[in-house]
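These notes concern the structure reproduced below.
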Amino acid sequence: MPELPEVNNIINYLKNHEHLTTKTICKVDVLYDYTIEGSKDYFINALKNKRILDITQKGKYIIFHLSDDLVIVSHLRMEGKYFVKNEDVENTKHDLVIFHFTDNTKLVYNDTRKFGRMILLNEKNYLSVPPLSKVGPEPFENISIAYLKENYQTKNIALKQLLLDQSIISGIGNIYADEICFDTKLNPRTPGKFLSDDDLLNIVSSARKILTLAINFGGSTIKTYHIAEDKEGNYQSHLNVYNRENQPCKRCGYPLRKIFLNGRGTTFCPRCQVDKSLPFVLALTGPIASGKSSVNAYFVKQGFISLDLDNIVHEVYKDKTVQKEIKNIIPSLKIVEGNIDRLYLKQYLINHKAAKNDLENYLYEGLYNLVLKKLRKIGPGKKVVMDVPLLFKSHLDDFANKILLIQINPNIQRERLEKRSGNSDLYLKLNKSYFEQEDIKKADFVISNNSNLEDLYKELDNLNI
DNA sequence: AGTGCCGCCTGATGGC
DNA sequence: TGCCATCAGGCGGCAC
């Protein structure tokens with residue numbers, strides 16, 4: 001839907017190209033009642049013979065200023081559009097409100113999803129009554145650091161959600177919120193209270209910069225937004241993150257991630273957008289018997305806190321809601337003394353591929369949230385090392401500041417497994433998909449652990465992490 | 001009070 | 001091919 005830059009372009013077009021501010025309304029047709037807030041009859045009758053004097057903007061709202069102190073406050077929501085047409089052009093399917101003018105033209109409000117709303121108010125008080133009374137300053141207005149601190153640093157909710165809150169700063173929607181987070185190198189999940197004063201000032205200057213650029217490029221046309229019927233915006237090709245899931249970050253090359261924050265799709269770079277509520281995280285990954293636990297021990301000696309993923313996985317399985325969900329998928333599963341029969345589960349999943357996929361995704365999600373919770377509890381300023389076999393599949397690389405990948409010669413791996421368990425074939429089969437070749441380039445450091453512990457530690461000394 | 005989730009609508013897209 | 005689920009530039013209201 002239109003955000004501030006798109007609304008700005010629409011208003012410009014209606015004023016300067018369609019010359020709407022020279023026109024007088026003679027009749028209004030309301031074809032979908034819910035579009036009009038308040039009395040539909042009042043809306044229709046009061047607008048007769050009113051002249052459009054000016055069109056202005058507040059955040060994402062369009063304000064038509066009319067003669068006799070009337071104003072129409074209009075919000076396009078997701079799909080609203082205004083077109084000016086000649087009277088002889090027939091209405092189309094989603095034309096909801098038609099303003100007929102005395103010069104044989106009409107302003108058509110078209111809205112496929114019917115979310116848009118408009119209300120007729122008075123020039124004298126329209127800013128002090130809803131909906132505009134609840135709308136905060138645009139990024140371009142004077143915003144004091146005290147105002148930002150009060151509205152961001154006292155909140156435990158995600159930066160992304162704060163940026164979308166129109167009562168704090170208006171005009172920023174889902175596209176530009178993601179772009180601002182990228183530009184300021186802040187993870188959209190960061191709770192407001194972890195943002196520094198500098199972060200807050202950066203957010204405002206970044207918002208000004210990005211929205212100005214977007215205005216100058218005519219806004220972003222992703223699907224349906226058009227300045228006019230045959231005129232698209234051009235900023236979409238300049239977007240750094242929005243609509244670029246899995247594509248390489250333009251700053252560091254790491255594949256961009258898409259998650260959902262409060263029900264809104266959110267795309268960001270997990271490596272160069274820092275979550276300030278979290279400690280520095282070094283993630284270790286590599287195949288079975290590659291020596292991850294030795295490397296883990298090395299970093300614990302260096303003062304890192306070790307996050308034991310095995311334990312956390314057990315915790316996920318012990319969670320009552322998780323168990324309930326698993327039991328929904330597999331009713332025959334037994335839960336003994338609060339513990340899931342994981343051997344039965346494993347065997348069941350070998351024969352039920354679809355269930356395996358669903359369950360894995362569900363468990364990864366649980367693991368992801370629990371790890372986030374644990375890292376938040378440790379908090380910023382600390383250093384954490386975590387050994388994650390399925391780092392990329394579980395998306396736990398979202399939390400990693402640095403990734404250390406350990407490689408091993410397959411023959412030596414087999415030897416070590418034989419010594420450990422006496423059955424290397426089974427383990428190799430079970431752990432086949434720990435990571436893909438293409439994941440190697442996601443790592444910051446790659447080491448080979450084909451020799452002894454002394455050589456391994458020497459190699460780690462040289463990394464200077 | 002602060003937060004999370006659902007409903008409002010239609011159409012495009014992708015998986016089976 | 002169709003059928004079904006999911007997703008989309010937003011926001012208000014409701015329940016805890």
Side-chain angles (χ1 to χ4, degrees), chain A residues 1-10 31-38 57-62 73-82 92-96 109-119 130-136 150-181 189 191-193 207 210-211 214-215 217-227 232-246 258-267 353-354 357-358 361 369:
Chain A
M1 164 298 154
E3 305 178 31
L4 185 146
E6 291 76 28
V7 170
N8 179 287
N9 273 277
I10 290 165
L31 307 177
Y32 185 74
D33 291 0
Y34 292 126
T35 302
I36 311 300
E37 300 205 70
Q57 174 169 14
K58 175 85 182 179
K60 302 178 196 172
Y61 286 87
I62 299 172
V73 175
S74 164
H75 198 302
L76 305 174
R77 297 279 180 95
M78 295 289 261
E79 295 273 343
K81 299 165 196 68
Y82 279 109
T92 61
K93 193 173 176 187
H94 301 295
D95 293 346
L96 307 185
Y109 177 72
N110 176 288
D111 188 344
T112 311
R113 291 176 73 182
K114 301 185 169 75
F115 287 168
R117 295 290 179 264
M118 54 185 85
I119 184 167
L132 291 181
S133 60
K134 291 178 283 184
V135 175
E150 166 68 23
N151 282 292
Y152 281 73
Q153 290 175 348
T154 58
K155 306 261 173 69
N156 201 24
I157 55 182
L159 168 60
K160 169 71 179 276
Q161 207 184 337
L162 293 168
L163 287 171
L164 292 178
D165 185 338
Q166 302 299 303
S167 72
I168 304 174
I169 295 176
S170 64
I172 299 166
N174 210 32
I175 297 180
Y176 300 110
D178 280 7
E179 295 299 314
I180 291 164
C181 289
R189 181 169 36 220
K193 65 180 180 190
I210 290 167
L211 294 183
I215 288 170
F217 275 97
S220 303
T221 298
I222 304 294
K223 280 193 181 122
T224 62
Y225 154 75
H226 281 64
I227 301 166
E232 292 190 351
N234 285 309
Y235 193 67
Q236 59 278 11
S237 52
H238 300 267
L239 296 172
N240 285 311
V241 281
Y242 184 86
N243 218 20
R244 294 194 66 242
E245 181 186 9
N246 294 329
K258 183 177 178 184
I259 60 171
F260 284 86
L261 283 179
N262 297 82
R264 307 303 303 276
T266 301
T267 312
K353 295 280 180 226
N357 208 24
D358 288 354
N361 288 336
N369 292 329

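Each chain gets a letter, A, B and so on, in the order its sequence line appears, and its residues count up from 1.
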Side chain of [X], heavy atoms from C-beta onward: which of [options] has the nearest atom to it?
{"X": "A:Tyr61", "options": "C:dC7, C:dG12, C:dG10", "answer": "C:dG12"}
{"X": "A:Asn156", "options": "C:dG10, B:dT3, C:dC7", "answer": "B:dT3"}
{"X": "A:Tyr242", "options": "C:dG10, B:dG4, C:dA8", "answer": "C:dA8"}
{"X": "A:Ile157", "options": "B:dT10, C:dG10, B:dG4", "answer": "B:dG4"}

Rounding to the closest angstrom, what is the interatomic distance between B:dC9 and C:dC4 at atom P?
->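 Straight-line distance between the two P atoms is 22 Å.
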Inter-nucleotide P distance (C:dC11, B:dA1), Å rounded =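 So the two P atoms sit 23 Å from each other.
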Can you sort out the partners of A:Arg189 under salt bridge (Lys or Arg N to Asp or Glu O under 4.0 Å), two or more places apart, ordered by chain and number?
->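 Once residues adjacent in sequence are excluded, the partners of A:Arg189 under the salt bridge (Lys or Arg N to Asp or Glu O under 4.0 Å) criterion are A:Asp275.
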Which heavy-atom pair separates A:Gly233 from A:Thr221 by the least distance, and what is that distance?
->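 Distance-wise, the nearest heavy atoms are N-OG1, 2.7 Å.
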For A:Phe115 and A:Asp111, work out which heavy atoms get closest and say how close.
->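 Closest pair (atom of A:Phe115, atom of A:Asp111, distance): N-OD2, 3.4 Å.
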Rounded to the Å, how far apart are [X] [atom1] and [N] [atom2]?
{"X": "A:Asn262", "N": "C:dC11", "atom1": "CG", "atom2": "P", "value": "14 Å"}
{"X": "A:Glu79", "N": "B:dC9", "atom1": "CD", "atom2": "C1'", "value": "10 Å"}
{"X": "A:Asn110", "N": "B:dG11", "atom1": "CG", "atom2": "P", "value": "11 Å"}
{"X": "A:Glu150", "N": "B:dA1", "atom1": "CD", "atom2": "C1'", "value": "13 Å"}
{"X": "A:Asp111", "N": "B:dG11", "atom1": "CG", "atom2": "C1'", "value": "13 Å"}
{"X": "A:Tyr32", "N": "B:dC8", "atom1": "OH", "atom2": "P", "value": "10 Å"}
{"X": "A:Met118", "N": "C:dC11", "atom1": "CE", "atom2": "P", "value": "16 Å"}
{"X": "A:Gln166", "N": "C:dG10", "atom1": "CD", "atom2": "C1'", "value": "8 Å"}

Indicate, with a heavy-atom threshold strictly under 4.0 Å, whether [X] touches base, sugar-phosphate, or nothing.
{"X": "A:Gly263", "result": "nothing"}
{"X": "A:Tyr235", "result": "nothing"}
{"X": "A:Tyr176", "result": "nothing"}

Between A:Glu6 and A:Tyr176, a side-chain donor and acceptor under 3.5 Å |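 On atom types as modelled, these side chains qualify, holding a pair under 3.5 Å.
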Pair partner, B:dT10 [Watson-Crick or wobble, under 3.5 Å] =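 For B:dT10, the partner nucleotide comes out as C:dA8, under the 3.5 Å rule.
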Pair partner, C:dT1 [Watson-Crick or wobble, under 3.5 Å] |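 Base-paired to nothing in any strand shown.
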Determine: side-chain N/O of [X] to OP1/OP2 of [N], distance under 4.0 Å, yes or no.
{"X": "A:Lys155", "N": "B:dG2", "value": "no"}
{"X": "A:Lys114", "N": "C:dG10", "value": "no"}
{"X": "A:Lys93", "N": "B:dG11", "value": "yes"}
{"X": "A:His94", "N": "B:dG11", "value": "yes"}
{"X": "A:His75", "N": "C:dG10", "value": "no"}

Measure up the A:Phe217 and A:Tyr235 rings against each other and bin them: parallel (under 30°), tilted (30 to 60°), perpendicular (over 60°).
->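 Answer is tilted, since the angle falls between 30° and 60°.
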5' precedence on DNA chain C between A:Lys134 and A:Arg113 (nearest-nucleotide basis) =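 Counting from the 5' end, the first nearest nucleotide belongs to A:Arg113.
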Cation-pi between A:Lys114 and A:Tyr32: NZ/CZ under 6.0 Å from ring centre and within 45° of the ring axis?
->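 Because its charged atom sits under 6.0 Å from the ring centre and within 45° of the axis, A:Lys114 does stack over A:Tyr32.
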Please answer whether B:dC8 and A:Phe115 are stacked, defined here as ring centres separated by less than 5.5 Å and planes angled under 30°.
->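 It does: the two rings, one from A:Phe115 and one from B:dC8, meet the stacking criterion.
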